[in-house]
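To keep things clear, I will list the structure first and then write my remarks on it.
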Amino acid sequence: MRLSGLQRGVLSLYRHCLREIQKKPADVRENFKGFARTEFEKNIALDMKDFAAIEYLLRKGQRQLEIYSSPGIRNII
């Protein structure tokens, strides 16, 4: 099955999130993983043809990832 560019972007963002989670302290990784999963699941029912919303959420997710990837962020609740 071929994926669209937006689908590849979403999967890429999710994989990038999982990679960044591995850089966090072991005792809080589950918190970050749960947060990432919840954020993606919130929008799972989004219409695949709603390109504007998907692009907006991708940009928002990339900004959040950039913030939470900072070494100063130790935990997320």
Side-chain angles (χ1 to χ4, degrees):
M1 179 173 123
R2 290 185 57 135
L3 300 175
S4 72
L6 284 176
Q7 288 171 322
R8 283 194 306 270
V10 171
L11 289 174
S12 174
L13 177 61
Y14 190 72
R15 283 192 305 267
H16 199 99
C17 288
L18 294 179
R19 282 189 215 109
E20 289 298 321
I21 289 168
Q22 294 306 313
K23 297 177 184 176
K24 296 296 180 183
D27 59 327
V28 296
R29 285 183 190 153
E30 286 302 315
N31 295 347
F32 280 97
K33 193 179 286 188
F35 176 77
R37 175 175 281 229
T38 301
E39 288 298 304
F40 277 87
E41 285 178 348
K42 274 195 244 180
N43 300 297
I44 201 162
L46 194 63
D47 182 16
M48 289 175 50
K49 295 191 186 323
D50 192 353
F51 303 122
I54 296 169
E55 288 172 350
Y56 165 76
L57 290 168
L58 272 173
R59 286 191 306 273
K60 179 182 172 192
Q62 289 163 345
R63 284 192 306 271
Q64 281 184 316
L65 176 62
E66 191 175 308
I67 291 168
Y68 293 131
S69 295
S70 168
I73 306 294
R74 296 269 188 231
N75 198 357
I76 193 168
I77 297 176

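Atoms considered below: every heavy atom in the structure, side chains included; atoms not considered: hydrogens, waters and symmetry mates.
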- Message: Taking the side chain as everything from C-beta on, heavy atoms only, tell me whether Leu6 gets closer than 4.5 Å to Leu58.
- Response: yes

Distance col, row Glu55:CD vs Lys60:NZ, nearest 0.5 angstrom, shows 16.0 Å

Value for CD (Gln62) from CG (Leu57), rounded to nearest 0.5 Å, stands at 11.0 Å

Query - Heavy-atom neighbours of Arg37 CZ exceed 12 at 6.0 Å - result: no

| said: Under 4.0 Å between a side-chain nitrogen and a carboxylate oxygen: does that hold for Glu20 and Lys23? | reply: yes

* With side chains defined as the heavy atoms from C-beta onward, is the minimum distance between Ile73 and Phe32 less than 4.5 Å? -> yes

Considering residues, nucleotides and ligands other than Glu66, do more than 12 of their heavy atoms fall under 6.0 Å from its CD? no

In this structure, CD1 of Ile21 is separated from CZ of Arg19 (nearest 0.5 Å) by 11.5 Å

- [ ] Under the side-chain contact (heavy atoms from CB on, under 4.5 Å) rule, what do Val28 and Arg74 come out as? Steps first, then yes or no, please.
- [x] CA-CA 8 Å; Val28 296; Arg74 296 269 188 231; 6.0 Å; no

For the hydrophobic clusters of this structure (ILVMFWY residues joined by side-chain heavy atoms under 4.5 Å, transitively), does one cluster hold both Met1 and Leu11? yes

| query | Heavy atoms, side chains only, cut-off 4.5 Å: are Tyr68 and Cys17 in contact? | reply | no

- Would a distance-only check, ignoring hydrogens and angles, find a side-chain to backbone donor-acceptor pair under 3.5 Å from Ser69 to Leu65? yes

For salt bridge (charged side-chain N to carboxylate O under 4.0 Å, His left out), just list the numbers for Glu39 and Lys42, CA-CA rounded to whole Å, side-chain angles, deciding distance to a tenth of an Å, and then say yes or no. CA-CA 5 Å; Glu39 288 298 304; Lys42 274 195 244 180; 2.8 Å; yes

d(Met48 CE, Asp50 CG) to nearest 0.5 Å is 12.0 Å

Output for pair (Tyr56 OH, Leu46 CG), nearest 0.5 Å, gives 12.0 Å

- Task: Determine whether Ile67 and Leu13 fall in the same hydrophobic cluster, where Ile, Leu, Val, Met, Phe, Trp and Tyr are linked whenever their side-chain heavy atoms lie under 4.5 Å apart.
- Result: yes

